[in-house]
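Read through the structure below, which is laid out as structure tokens, and then see the notes.
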Amino acid sequence: MTADNIQSLQQEGRTFEPPAAGRDTAYIKSLDEYRAIYKRSIEDPEGYWAERATDLLTWESPWDKVLEYDFNAPEIKWFAGGKLNAAYNCLDRHLTNGRRNKAAIIWQGEKDEDVRTYTYQMLHDEVCRFANVLKKMGVKKGDRVSLYLPMVPELAIAMLACARIGAPHSIVFAGFSAHSLRDRVNDCESKVIVVSDAVIRSGKTIPLKPNADEALKECPTIDKCIVLRHAGNDVEMQPGRDVWWHDVMADHDVEGDCPAESMDAEDVLFILYTSGSTGKPKGVYHTTGGYLTYAAHTSQIVFDLKDDDIHWCTADIGWITGHSYIVYGPLALGATSLMFESVPTYPAPDRFWQICSKFKVNVFYTAPTVIRSLMKSGPAWTQKHDLSSLRILGSVGEPINPEAWMWYHDHIGGSKLPIVDTWWQTETGGLMISPLPYATPLKPGSASLPLPGIDPAIVDMENKEVGPNQGGFLVIRKPWPGMLRGIWGAKDRFKQQYFAAFKGCYESGDGARRDEDGYFWIMGRVDDVINVSGHRMGTAEIESALVSHPTVAEAAVVGMPHDIKGQCIYAYVTLKAGYDESEELLKGLKLHVRKEIGPIAAPEVIQFAPGLPKTRSGKIMRRILRKIASDEVESLGDTSTLADPSVVNELIDGKKRLF
Ligand code: ATP
Ligand code: MG
């Protein structure tokens with residue numbers, strides 16, 4: 001090990017074979033088949049991707065060249081010169097291939113009786129209508145449109161309408177503040193914004209339009225604000241600027257078809273700001289042909305979507321996960337996508353399972369933060385519902401701790417369903433490292449093997465590959481169709497962020513190790529690595545060791561300055577319901593980590609935390625925890641992406657009580 005590497009301490013030896021049931025009809029049926037496809041995809045990427053793009057999408061005219069790229073420039077082009085339209089691919093072609101009357105989107109609102117179903121025909125017609133509305137407002141190909149909406153069908157309709165006329169959409173998660181919205185609108189200079197009156201959450205109506213009003217005071221590029229009536233609360237409308245969705249949609253001249261704009265494969269499809277876990281969000285943009293090919297391809301091979309499947313991805317469409325696996329991927333394949341507006345714990349912690357049973361969901365895709373929070377409430381809630389329709393379970397967003405994985409496997413998967421732990425990023429557009437449900441043997445906590453066409457490596461600071469089980473920097477050595485093409489308006493930042501540190505490679509910013517079977521284990525973000533007496537450790541393994549203690553629901557570790565060791569480990573621990581904080585338990589937890597992974601990883605300080613600071617997509621923000629641990633609370637940095645800023649003060653107070 002060189003000083004730059006990240007040391008791995010974890011010992012997780014459990015493995016689970018993929019289920020036999022379902023294998024016969026699976027898209028990829030065995031590990032051997034995967035290996036053959038993978039080999040081909042790496043040896044002949046252009047041939048492989050040309051085939052995939054042809055099989056999965058309908059093109060108006062073929063491309064000139066499959067791939068042109070230069071990671072040093074950086075410049076990446078897939079299928080350039082090829083013409084297609086993403087909305088056409090997600091809608092129109094299904095009108096003539098037997099899916100016209102099939103459910104495209106089933107929407108479940110917060111109230112159980114609030115259900116709306118859109119067939120492909122209905123969705124197509126609504127999208128055309130809204131596309132005509134945008135055109136009538138003067139939105140042209142290339143103009144940006146911001147969407148600030150909760151999880152309602154109109155969000156998907158607006159997205160696809162933008163895609164139809166070639167106007168890149170920029171979705172801003174409806175949980176963001178006026179300030180965050182303003183910055184995101186101004187960064188991409190949107191012309192039109194779509195907003196709703198309110199968000200409905202846990203029985204409450206939370207006004208949203210006032211946030212937009214506040215933001216728009218300082219958004220000079222916005223001409224029009226389209227307001228959707230959703231909760232029915234009173235809103236103020238600014239004459240000249242604001243119009244109601246239902247009014248503009250009722251206009252006679254927006255009736256009928258809206259021809260899908262002919263787009264180049266490399267025309268921008270959308271801009272999306274990253275979660276902001278590590279700092280200022282980046283306006284990542286994706287282009288039409290490569291992104292859509294990749295979203296459809298990964299939906300097909302990893303979620304194994306079949307025509308009679310109901311696919312439920314619980315993410316918000318405001319995140320890349322919702323873009324790729326609620327809207328673009330499933331709809332490009334002609335699947336049925338379930339969309340849910342509310343939270344997993346309202347009115348009770350069995351809401352997700354009740355919905356799974358109600359719609360007979362087949363593929364269920366969620367985040368470790370959800371699993372951990374439902375674990376906290378106990379397994380009894382899962383037993384109230386018939387989950388027998390489930391076929392594939394998925395996880396995304398953070399490393400899933402082996403204990404959380406086992407809980408998901410046992411209580412939701414009936415100890416038999418495959419769990420696809422999918423590693424990817426906003427920047428990657430789609431899944432990168434993930435098991436294939438009927439081919440890959442599973443190891444709890446490992447994202448397993450790279451998907452076809454993906455060439456990841458683990459390297460040290462000198463960009464040299466490290467050996468098995470040595471931690472290092474996770475980079476990708478070859479382009480793939482779904483990769484970002486840039487950061488909006490920041491060419492230099494694009495290069496610095498992703499292509500500067502490891503020449504000729506895309507830098508993910510995550511640390512990982514690869515085991516003797518070639519399985520990838522994500523160890524956490526490189527920015528979060530802790531250095532104790534020269535031992536560099538990722539956060540994931542230590543956190544997983546803490547979570548494997550029977551009293552612990554969630555844990556986050558950071559480095560704190562230490563006179564002798566340089567840094568020591570500071571852990572924040574949230575207990576499961578029914579356990580009390582005590583000196584005894586503190587000692588027990590330290591001992592537990594020492595026993596599980598070794599003395600070097602034993603936390604110096606453990607602070608009990610009622611809650612942890614998280615991004616609005618549910619990821620732990622260790623950057624802030626590090627500041628609290630080091631008493632640097634004056635310089636917390638950008639906290640606008642925090643879901644609940646009040647936990648920060650609780651933790652600062654809690655720390656004072658420690659010493
Ligand atoms: P920012 O880049 O602004 O700090 P972010 O990285 O949180 O924000 P996203 O693109 O939403 O924004 O998240 C991608 C990151 O999430 C990955 O780089 C990785 O750290 C983490 N991640 C996602 N899926 C997994 C997974 N299955 N296992 C481990 N980590 C994951
Ligand atoms: Mg990131």
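Whatever order the structure lists them in is the order used to number ligands and atoms, beginning at 1. We use all heavy atoms of the structure for the numbers below, so side chains are in, but hydrogens, waters and symmetry mates are not. Please read these numbers as outputs of a predicted model, since none were measured by experiment.
Less than 6.0 angstrom separates the ring centroid of W312 from the ring centroid of F352.
Close N/O approach between R525 and ligand 1 is found [any backbone or side-chain N/O within under 3.5 Å]. In terms of polar-atom proximity, defined here as any N/O pair under 3.5 Å, G276 does make such a contact with ligand 1. For S395, no nitrogen or oxygen atom sits less than 3.5 Å from a nitrogen or oxygen atom of ligand 1, counting backbone and side chain alike. At least one N or O atom of G397 sits closer than 3.5 Å to an N or O atom of ligand 1.
Not close to ligand 1: S617, with no non-hydrogen atom less than 4.0 angstrom away.
Residue T426 has at least one heavy-atom neighbour below 4.0 Å for each of these atoms of ligand 1: 9 (P), 10 (O), 11 (O). Numbered from 1 in the order shown, with element, the atoms of ligand 1 that lie under 4.0 Å from a heavy atom of K282 read 1 (P), 2 (O), 3 (O). In the vicinity of I522, heavy-atom distances shorter than 4.0 Å reach the ligand 1 atoms 29 (C), 30 (N). Proximity to T422 (heavy-atom distance under 4.0 Å) selects the following atoms of ligand 1: 24 (N), 25 (C), 26 (C), 27 (N).
Below 30°, between 30° and 60°, or above 60°: for F303 and Y325 the angle between ring planes is above 60°, a perpendicular geometry. The aromatic rings of W319 and F173 sit tilted, their planes meeting at an angle between 30° and 60°.
Atom CZ of F502 sits about 8.0 Å away from atom CG of D460, to the nearest 0.5 Å.
The protein heavy atom nearest to atom 11 (O) of ligand 1 is S275 OG, 2.7 Å. The nearest protein atom to atom 7 (O) of ligand 1, hydrogens excluded, is given as S277 OG, 2.4 Å; this is a heavy-atom distance. In terms of protein heavy atoms, atom 4 (O) of ligand 1 is closest to T278 OG1, 2.5 Å. Here the protein heavy atom with the shortest distance to atom 29 (C) of ligand 1 is P399 N, 3.1 Å.
At a heavy-atom distance under 4.0 Å, no atom of W319 approaches ligand 1. At a heavy-atom cutoff of 4.0 Å, ligand 1 is contacted by the side chain of D510 but not by its backbone.
Under 3.5 Å, the side chains of E541 and S8 contain a donor-acceptor pair of N or O atoms.
In this comparison of R623, E398, K619, the heavy atom closest to atom 16 (O) of ligand 1 sits on K619.
Under a cutoff of 6.0 Å and an axis angle of 45°, R184 and F176 form a cation-pi pair.
Partner Q425 forms a side-chain contact (heavy atoms from CB on, under 4.5 Å) with one of V284, D510, T274 and no other, that one being D510. Residue E398 forms a side-chain hydrogen bond (donor to acceptor under 3.5 Å, both in side chains) with just one option from R372, K619, R525, and that option is R372.
Between the N463 side chain and the K503 main chain, a donor and an acceptor come within less than 3.5 Å of each other.
Evaluation of the salt bridge (Lys or Arg N to Asp or Glu O under 4.0 Å) rule for D515 yields K443 as partners, not counting sequence neighbours.
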